[in-house]
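The residues of the chain are indexed from 1 along the displayed sequence.
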Amino acid sequence: MEGSGMTSDREQQRRREGVIFLVLFALTIPAANWLIGHVGTMCIANGPCVVPVAPGLMAPSGVMMVGVALVLRDLVQRRLGAVMSALAILCGTALSALLAPPSLVVASGVAFLLSEFADLAVYTPLARRRLVLAVVASSVVGLVVDSIVFLWLAFGSLDFLLGQVVGKGWMVLLSIPFVAWLRRRDERLGMAPA
């Protein structure tokens with residue numbers, strides 16, 4: 001009996017953490033859309049607000065949230081499963097299109113949909129063996145897809161591509177210590193992925 005109670009507690013904890021990751025994932029969408037139009041060291045007329053991501057390299061300010069979203073999607077899948085993650089992507093796409101400035105609706109929705117499903121496709125086969133590698137590899141694929149699709153559809157140009165990739169990459173790199181800690185903690189607690 002005690003063993004099943006501990007298993008139930010771990011399952012409840014896994015689900016609770018999954019819901020937290022899901023809420024945070026959902027919050028990155030309006031945050032990215034708001035940032036791109038309101039926060040930056042410079043706001044371009046009929047274009048995005050931009051921030052420096054490396055010396056001499058600028059990117060639209062929403063890149064920070066997109067990098068975080070890719071990692072959070074992986075964590076939603078780890079806690080709640082691939083089906084729930086796919087549903088979160090579809091809901092996130094609708095939310096992204098609803099909350100994006102009118103000029104960015106198509107770009108925001110399509111980039112979100114394609115990049116998050118690309119992330120899911122890379123993450124899924126790697127996740128059980130090497131969590132940190134899975135998060136990094138899937139996020140890199142997702143951030144490149146997101147950057148190309150968003151910039152091309154939104155602005156008809158890939159001028160900020162390198163900045164987008166670097167900016168999102170920074171956010172993925174900053175998440176690695178947390179992901180590594182989470183993996184070690186899961187192993188110590190005996191908490192299996194969904």
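Between N33 and I36, the shortest heavy-atom distance links the atoms O-CG2, 3.2 Å. In this structure, R183 and V132 approach most closely via the heavy-atom pair NE-CG2, 4.3 Å. Annotation for A59 and Q164: closest pair CB-N, 3.7 Å, computed over non-hydrogen atoms. The shortest heavy-atom contact between V63 and G167 is CG2-CA, 3.9 Å. In terms of heavy-atom proximity, R14 sits nearest to A194 at NH1-CB, 3.1 Å. Nearest heavy-atom pair across S115 and A111 is OG-O, 2.8 Å.
In this structure, L174 is a member of the same hydrophobic cluster as V68, with clusters built from ILVMFWY side-chain heavy atoms closer than 4.5 Å. In this structure, L24 is a member of the same hydrophobic cluster as V172, with clusters built from ILVMFWY side-chain heavy atoms closer than 4.5 Å. No single ILVMFWY cluster, assembled from side-chain heavy atoms under 4.5 Å apart, contains both V110 and I29. Placement of V145 and V135 in two distinct hydrophobic clusters is found when ILVMFWY residues are connected by side-chain heavy-atom separations under 4.5 Å, directly or transitively. Note: the hydrophobic cluster containing V76 does not contain V122 (ILVMFWY, side chain heavy atoms under 4.5 Å, direct or indirect links).
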request  = Evaluate side-chain contact (heavy atoms from CB on, under 4.5 Å) for I176 paired with V179, printing each intermediate quantity in order.
outcome  = CA-CA 5 Å; I176 290 172; V179 173; 5.7 Å; no
inquiry  = Applying side-chain contact (heavy atoms from CB on, under 4.5 Å) to L113 and L90, what does each step give before you reach the verdict?
reply    = CA-CA 7 Å; L113 180 72; L90 294 175; 3.9 Å; yes
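A donor-acceptor pair under 3.5 Å is formed between the side chain of S61 and the backbone N or O of V39. Using a distance-only test at 3.5 Å, with no hydrogens or angles considered, no donor-acceptor pair links the side chain of T124 to the main chain of A121.
Within the 4.5 Å cutoff, the side chain of T41 has heavy atoms near those of the P52 side chain. By the 4.5 Å heavy-atom criterion applied to side chains, V165 and V140 are not counted as neighbours. Residues M58 and V53 form no side-chain contact, since every pair of their non-hydrogen atoms from C-beta on lies 4.5 Å or further apart. Counting heavy atoms from C-beta on, the side chains of D159 and L151 never come closer than 4.5 Å. For the pair F25/V71, no side-chain contact is recorded, criterion being any heavy-atom separation below 4.5 Å from C-beta on. Side chains of V50 and I44 form a contact here, defined as non-hydrogen atoms less than 4.5 Å apart. Side-chain contact between L161 and I148 is present, with at least one heavy-atom pair separated by less than 4.5 Å. Side chains of F155 and F150 form a contact here, defined as non-hydrogen atoms less than 4.5 Å apart.
Sequence neighbours left out, not one pair with a member in residues 124-141 passes salt bridge (Lys or Arg N to Asp or Glu O under 4.0 Å). Counting only residues at least two apart or on different chains, no ring-ring contact (aromatic ring centres under 6.0 Å, His included) pair has a member in residues 55-104. Sorted by first then second residue, the ring-ring contact (aromatic ring centres under 6.0 Å, His included) pairs that include residues 175-194, not counting sequence neighbours, are F178-W181.
By the disulfide (SG to SG under 2.5 Å) test, C43 is found to be paired with C49, residues two or more places apart in sequence or in another chain being considered. Annotation: ring pair (Phe, Tyr, Trp, His ring centres under 6.0 Å) contacts of F117 (sequence neighbours excluded): none. With sequence neighbours left out, W34 forms a ring pair (Phe, Tyr, Trp, His ring centres under 6.0 Å) with H38. Residues forming a side-chain contact (heavy atoms from CB on, under 4.5 Å) with M65 (at least two apart in sequence, or on another chain): T28, A31, A32, L35. For R78, the salt bridge (charged side-chain N to carboxylate O under 4.0 Å, His left out) partners two or more places apart in sequence, or in a different chain, are D186. Not counting sequence neighbours, the partners of V23 by the side-chain contact (heavy atoms from CB on, under 4.5 Å) test are V19, L27. Judged as a side-chain contact (heavy atoms from CB on, under 4.5 Å), and not counting sequence neighbours, the contacts of W152 are L158. D74 pairs by the salt bridge (charged side-chain N to carboxylate O under 4.0 Å, His left out) definition with nothing, not counting sequence neighbours. Legend: residues meeting side-chain contact (heavy atoms from CB on, under 4.5 Å) with A192, ordered by chain and number and at least two apart, are absent.
How far OG of S139 is from CG of L173: 10.0 Å, rounded to the nearest 0.5 Å. In this structure, NZ on K168 lies 12.5 Å from CE on M171, to the nearest 0.5 angstrom. To the nearest 0.5 Å, the span separating CG on D9 from CG on L189 amounts to 11.0 Å. In this structure, CD in E17 is found 4.5 Å from CZ in R79, a value given to the nearest 0.5 Å. The line from CG of L70 to CG of L143 is 6.5 Å long, rounded to the nearest 0.5 Å. Interatomic distance, D119 CG to I89 CD1, rounded to the nearest 0.5 Å: 7.0 Å.
Using a cut-off of 4.0 Å between Lys/Arg side-chain N and Asp/Glu carboxylate O, R184 and E187 are scored as not salt-bridged.
Atom CE of M191 has more than 12 heavy atoms from other residues, nucleotides or ligands within 6.0 Å.
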